[in-house]
K.L.:
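Have a look at the structure that comes next, please.
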Amino acid sequence: MQLDRDTLLDAYRRMRTIRLFEEKLEELSLAGKLPGFLHLYAGEEATAVGVCMHLGDTDYLASTHRGHGHCIAKGVDLRGMMAELYGRRSGICKGKGGSMHIADLDKGMLGANGIVGAGLPLATGAALTAQMRGRGQVVVAFFGDGAANQGSFHESLNLAAIWRLPVVFVAENNGYGEATPVEYHMKIRDIADRAGSYGIPGEIADGMDFLDVYEKAGTAIERAREGGGPTLLECKTYRYYGHYVGDPLTYRTKEEQEEVRQTRDPLELFERKAESELGLVSSDELREIDAEVKRTIEAAVEYAESSDAPPPEDLLSDVYVSYSGAHGDA
Amino acid sequence: MREIFFSQAINEAMRIALEKDPDVVVLGEDVAGGEGREDEGIEEAWGGIMGATKGLRKAFGPERVRDTPISETGFLGAGVGAAVTGLRPIVELMFMDFMGVAFDPLLNQAAKLRYMLGGKARVPLTVRTLVGAGVRAAAQHSQSLYGITTAIPGLKTVVPSTPRDAKGLLLAAIRDDDPVVFCENKSLYFSKGPCPEEDFEIPLGLADVKREGEDVTVVAVSRMVHVALEAADRLGEEGISLEVVDPRTLSPLDEETILVSLEKTGRLVIVDEGTPRCGFAADVAALAADRGFDLLDAPVKRVTAPHSPVPFSPVLEDAYIPDAERLIEAVHEITD
Ligand SMILES: Cc1ncc(C[n+]2csc(CCOP(=O)(O)OP(=O)(O)O)c2C)c(N)n1
Ligand SMILES: [Mg+2]
């Protein structure tokens, strides 16, 4: 798959944004500024971005409880995200959803999800819409290794397979579902093997390597777009932080974490390959992007902090569609 | 008496049950944590997300205290199957909201088997689960869905409000031969209260009068018992005396204790964190209208969460949960 400079710089910017956004959230959360639970995506940047670089705003994405990275990769507005995390009215969901429910339908982002495994059937349904509309839209469902043990995973793959739906199921195998290691929670090494049970292709990518994810996701997404049906793409990745901010990380060793950071960091890997091997971008350019991204995130924090809380009447709005006219013109 | 945390009370009950009955097993996500890594010196990394199962995997081993994959339909259903064939499983369903993923084992299996099989089956299953808003966990991790399980014949539903009740009721639930849904409010988890050290049971279906009073009966469960007690303290200063009745179990429901209290006070307010339609508050109001009509001197009042999902934003979430303020207002409406 051919990669040009602009695509690489765009991808890098998205990956760096995810990393810095999550680092900022950890800081804000530990400082007691953010309410609720946060599941950070840092470490898995290459997976979200490698996949989403192939998607446009009219393509759909179903996410997970660890959804910030997917949002950023899909182009959701950072200010709206940050304000949502603060529970402010200017949040992308008016402060009603929070971290586990960030969504932006205008960007095709169907939402993070608090229910493990719930995104796969939603994506399958979105793919049904896409197929019926016939405009070449595709759908991606991200989900974790843990979610691959939910019935919804199996049922969705089978449905999508028999209907040849334009959906790519992306397993983010980061080695753990909460505190449970993947080698305990399933008896196979590769989730991709499960594709065979449903008669669809199963592929494996190095989820820390943008180029590898980009290539394999590209093939799967193209296939889906052209009517070739679903693919199960497994990305082997790692989450840098605990399951949630505050997790004491008692289930994995420091050595393991250090080793991944030293040898498999997706941003460093990207820089090595894009600069030294491909010679398409320079480190100086990347440092400039780093600085810009940092400023953008600071601005998002300022925006959120200066935004108002929702008014009390919002408690009861949007439970149902409200019909203003007698004949239901909303 | 010594004081312990609600979480410890839950833990002690399970420990006692595991010690005394070899058929008791514990299943759930990360009830141990880090499973399969003994070689790296990792054992029981979590002990449950709230620490309720801490130490159980170490004390009773991985056979009896089992981590499960994230497969609620599978392991809750397996809990039913194990119960019907002789084990006495305690299944941890991390948040009651996840009942959505695994409703069939509760609704169509556990609840129905005994009846459908002409009384031949017993389903001694206990499902422990977290309920309640207030921790900024938003719409899918904050619901108080005990009204739904209460509405299902064949299931019992327990909603303890103190460490002592939690321990005694959990021991009774585990030893009960019917399926019991045991709802633990996350906001109470790290609250302390007196609790006996020994093995004791509180019978399911027996209410507890948490505060005696003369003027108004307030019926509340779980976290709302504490809201009612706070309101009772504050109204006491104005000379209005509340009687706080905690049914402790919604199914079976101790109707008599509620009616006896109503006979004394003639006024009733139900305060509930659940949503208002077809729920606990509506149920107790119906009881008063039906069996207590002649005892009533004023309209029955309900103070509940609104008919809406739980919002994330802290200001909205705080407005969502019934508090002493709203309860006091309701009491004033029927005492002025
Ligand atoms: C139905 C359901 N069960 C359990 C949970 C609690 N929970 C939240 S995230 C999580 C682990 C998910 O693991 P995985 O799918 O591997 O995703 P990761 O967190 O590793 O990204 C669990 C058990 C939940 N939110 N929903
Ligand atoms: Mg995982």
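Here is the naming used below: chain letters follow the sequence lines, and residue numbers restart at 1 for every chain. All figures in this text were calculated on a predicted structure; none of them were measured in a lab.
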K.L.:
As an exercise, state the distance from CD1 of A:Ile115 to CD of B:Glu72, rounded to the nearest 0.5 Å.
P.N.:
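One gets 8.0 Å once the value is rounded to the nearest 0.5 Å.
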K.L.:
If we define contacts as heavy-atom pairs under 4.5 Å, which of B:Gly41, B:Ser308, B:Ala45 has the most with chain A?
P.N.:
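Greatest number of close heavy-atom pairs with chain A: B:Ala45.
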K.L.:
What option among B:Glu29, B:Met94, B:Glu44 has the most heavy-atom pairs under 4.5 Å with chain A?
P.N.:
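Among B:Glu29, B:Met94, B:Glu44, the one with the most close pairs to chain A is B:Met94.
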K.L.:
Any chance you could measure A:Thr253, atom OG1, to B:Glu40, atom CD, to the nearest 0.5 Å?
P.N.:
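Interatomic distance, A:Thr253 OG1 to B:Glu40 CD, rounded to 0.5 Å: 5.5 Å.
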K.L.:
Within this structure, what is the CZ-OG distance for the pair A:Arg88 and B:Ser313, rounded to the nearest 0.5 Å?
P.N.:
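It comes to 8.0 Å.
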K.L.:
For A:Glu256, is it the side chain, the backbone, both or neither that has a heavy atom under 4.5 Å from a heavy atom of chain B?
P.N.:
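Only the side chain of A:Glu256 comes within 4.5 Å of chain B.
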K.L.:
Only one of A:Cys93, A:Pro35, A:Ser99, A:Pro310 clears side chain to side chain contact (heavy atoms under 4.5 Å, CB included) with B:Phe312; which?
P.N.:
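Testing each of A:Cys93, A:Pro35, A:Ser99, A:Pro310 against B:Phe312, the sole residue satisfying side chain to side chain contact (heavy atoms under 4.5 Å, CB included) is A:Pro35.
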K.L.:
Can you confirm whether A:Lys94 is buried at NZ, in the sense that more than 12 heavy atoms of other residues, nucleotides or ligands lie under 6.0 Å from that atom?
P.N.:
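No, NZ of A:Lys94 has 12 or fewer neighbouring heavy atoms, counting only those of other groups under 6.0 Å.
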K.L.:
Please check if the side chain of B:Glu35 supplies one atom and the backbone of A:Tyr184 the other of a donor-acceptor pair under 3.5 Å.
P.N.:
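Judged by distance alone, no pair lies under 3.5 Å.
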K.L.:
Counting only heavy atoms from other residues, nucleotides and ligands, does the tally under 6.0 Å from CD of A:Glu313 exceed 12?
P.N.:
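Correct, the count exceeds 12.
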K.L.:
Shortest non-hydrogen contact from B:Gly34 to A:Tyr251?
P.N.:
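Shortest heavy-atom separation between B:Gly34 and A:Tyr251 comes out as CA-CB, 3.9 Å.
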K.L.:
Using a 6.0 Å cut-off, check whether atom NZ of A:Lys33 has over 12 heavy atoms from anything other than its own residue.
P.N.:
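Counting neighbours around NZ of A:Lys33, 12 or fewer heavy atoms of other residues, nucleotides or ligands fall under 6.0 Å, so no.
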K.L.:
Quick one: are B:Gln140 and A:Met100 in side-chain contact, heavy atoms under 4.5 Å?
P.N.:
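Side chain of B:Gln140 against side chain of A:Met100, heavy atoms only: no contact under 4.5 Å found.
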K.L.:
Report the option among A:Gly98, A:Pro181, A:Gly97 that has the most heavy-atom pairs separated by less than 4.5 Å from atoms of chain B.
P.N.:
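Top count of heavy-atom pairs under 4.5 Å with chain B: A:Pro181.
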K.L.:
Does any non-hydrogen side-chain atom of B:Val315 lie less than 4.5 Å from one of A:Pro312?
P.N.:
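Heavy-atom side-chain distance check fails, nothing below 4.5 Å.
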K.L.:
Nearest 0.5 Å please: distance from the CH2 atom of B:Trp46 over to the CG atom of A:Asp247.
P.N.:
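Rounded to the nearest 0.5 Å, the CH2-CG separation comes out at 5.0 Å.
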K.L.:
Which one, A:Glu178, A:His243, A:Arg252, A:His185, leads in non-hydrogen pairs under 4.5 Å with chain B?
P.N.:
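Top option by heavy-atom pairs under 4.5 Å: A:Glu178.
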K.L.:
Let me know if A:Leu34 has heavy atoms under 4.5 Å from chain B in its side chain, its backbone, both or neither.
P.N.:
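The answer is neither part of A:Leu34.
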K.L.:
Please test A:Thr250 against B:Ile42 for side chain to side chain contact (heavy atoms under 4.5 Å, CB included), starting from the C-alpha separation and ending with a verdict.
P.N.:
CA-CA 8 Å; A:Thr250 41; B:Ile42 293 168; over 6 Å; no
K.L.:
Say whether, by atom type as modelled, one donor and one acceptor occur between the side chain of B:Ser71 and the main chain of A:Asn149 under 3.5 angstrom.
P.N.:
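Present.
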K.L.:
Any non-hydrogen side-chain atom of A:Lys96 less than 4.5 Å from a side-chain atom of B:Leu316?
P.N.:
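They are in contact (side-chain heavy atoms under 4.5 Å apart), so the answer is yes.
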K.L.:
Atom CZ in A:Phe37, atom CD1 in B:Ile49: separation rounded to 0.5 Å?
P.N.:
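Atom-to-atom, A:Phe37:CZ and B:Ile49:CD1 are 7.5 Å apart.
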K.L.:
If I compare all heavy atoms of A:Gly177 with all of B:Asp30, which pair ends up nearest, and what's the gap?
P.N.:
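Smallest heavy-atom distance, with atoms named: O-OD2, 3.7 Å.
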K.L.:
A:Asn113 versus chain B, heavy atoms under 4.5 Å apart: side chain, backbone, both or neither?
P.N.:
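Both backbone and side chain.
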K.L.:
Given that the side chain runs from C-beta out, which part of A:Gln150 has a heavy atom under 4.5 Å from chain B: side chain, backbone, both or neither?
P.N.:
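Backbone plus side chain of A:Gln150, per the 4.5 Å heavy-atom cut-off to chain B.
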K.L.:
With a 4.5 angstrom heavy-atom cut-off, which part of A:Phe153 approaches chain B: side chain, backbone, both or neither?
P.N.:
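Answer is neither: A:Phe153 stays 4.5 Å or more from chain B.
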K.L.:
Which atoms of B:Val135 are under 4.5 Å from chain A, going by heavy atoms: the side chain, the backbone, both sets, or neither?
P.N.:
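When you check distances to chain A, atoms from both the backbone and side chain of B:Val135 fall under 4.5 Å.
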